[in-house]
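Here is the structure we will look at.
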Amino acid sequence: MIEKIATMAVTALLLASCMVVSGSYSSDGLAPIPGSITYNGQPRTKLTKSPIGSSFPHTFTDQTGREVEEIYIIQPDRTLLIAERHYRPFLAWSRR
């Protein structure tokens with residue numbers, strides 16, 4: 001009886017883990033920082049020729065002098081979502 005319950009619990013856990021969609025950006029994304037395309041709100045021009053779900057990078061220097069790269073995804077309503085943000089190292093000799 002206990003083996004049957006344990007087997008059912010493990011099966012339910014495995015089934016639940018299969019339901020998670022990886023790579024899905026259903027959240028609001030990262031908060032914009034000074035230099036982000038969406039820092040002062042969404043851009044006025046809509047990306048009408050770009051396919052929904054496509055992504056593109058944007059590189060800028062933040063207020064502390066660090067180089068930042070953000071990856072944006074175009075949402076169905078043509079707004080931009082910041083999906084990823086990477087900070088590059090300060091010192092040139094520490095870059096690989």
Side-chain angles (χ1 to χ4, degrees):
M1 180 71 173
I2 294 176
E3 290 177 5
K4 189 173 185 179
I5 293 172
T7 303
M8 289 176 57
V10 169
T11 303
L13 181 64
L14 290 174
L15 185 60
S17 67
C18 292
M19 302 262 182
V20 176
V21 178
S22 64
S24 173
Y25 295 101
S26 61
S27 68
D28 292 334
L30 298 169
I33 60 174
S36 297
I37 295 174
T38 58
Y39 181 63
N40 291 322
Q42 292 290 327
R44 291 182 192 165
T45 59
K46 299 292 183 182
L47 301 167
T48 57
K49 293 185 180 180
S50 300
I52 293 171
S54 62
S55 63
F56 64 93
H58 171 63
T59 304
F60 61 94
T61 304
D62 71 358
Q63 65 273 16
T64 62
R66 292 185 296 177
E67 193 173 344
V68 182
E69 181 181 40
E70 292 181 335
I71 306 294
Y72 293 87
I73 296 178
I74 301 174
Q75 299 296 293
D77 61 354
R78 299 294 178 180
T79 58
L80 298 177
L81 172 77
I82 304 172
E84 296 179 31
R85 180 179 294 139
H86 304 281
Y87 292 93
R88 300 215 174 122
F90 266 118
L91 306 172
W93 53 268
S94 65
R95 293 184 185 178
R96 295 180 188 248

_Closest approach of I73 to G53 (non-hydrogen atoms, all atoms of both residues)_ = CG2-O, 3.9 Å
*What pair of heavy atoms forms the shortest contact from H58 to G35, and how long is it?*
NE2-O, 3.1 Å
*Is there a side chain to side chain contact (heavy atoms under 4.5 Å, CB included) between T79 and T38 once you walk through the steps?*
CA-CA 9 Å; T79 58; T38 58; over 6 Å; no
*asked:* For I71, is there any backbone N or O sitting under 3.5 Å from a side-chain donor or acceptor partner on H86?
replied: no
*State, to 0.1 Å, how close R78 and T48 come at their nearest heavy-atom pair, and which atoms those are.*
NH2-O, 3.7 Å
*asked:* Does Y39, at its OH atom, have more than 12 non-hydrogen atoms belonging to other residues, nucleotides or ligands within less than 6.0 Å?
replied: no
*Please assess L30 against E70 for the test side chain to side chain contact (heavy atoms under 4.5 Å, CB included), listing each intermediate value before the final yes or no.*
CA-CA 10 Å; L30 298 169; E70 292 181 335; over 6 Å; no
*Could you give the distance from CD1 (I33) to CD1 (I82), rounded to the nearest 0.5 Å?*
7.5 Å
*Step by step, would you call R85 with S36 a side chain to side chain contact (heavy atoms under 4.5 Å, CB included)?*
CA-CA 10 Å; R85 180 179 294 139; S36 297; 4.2 Å; yes
*asked:* If hydrophobic clusters are built from ILVMFWY residues whose side chains come within less than 4.5 Å, do I37 and I52 share one?
replied: no
_OH on Y72 to CG on L81, rounded to 0.5 Å_ = 10.0 Å
*Trace of the side chain to side chain contact (heavy atoms under 4.5 Å, CB included) decision for I74 with L80*: CA-CA 5 Å; I74 301 174; L80 298 177; 3.9 Å; yes
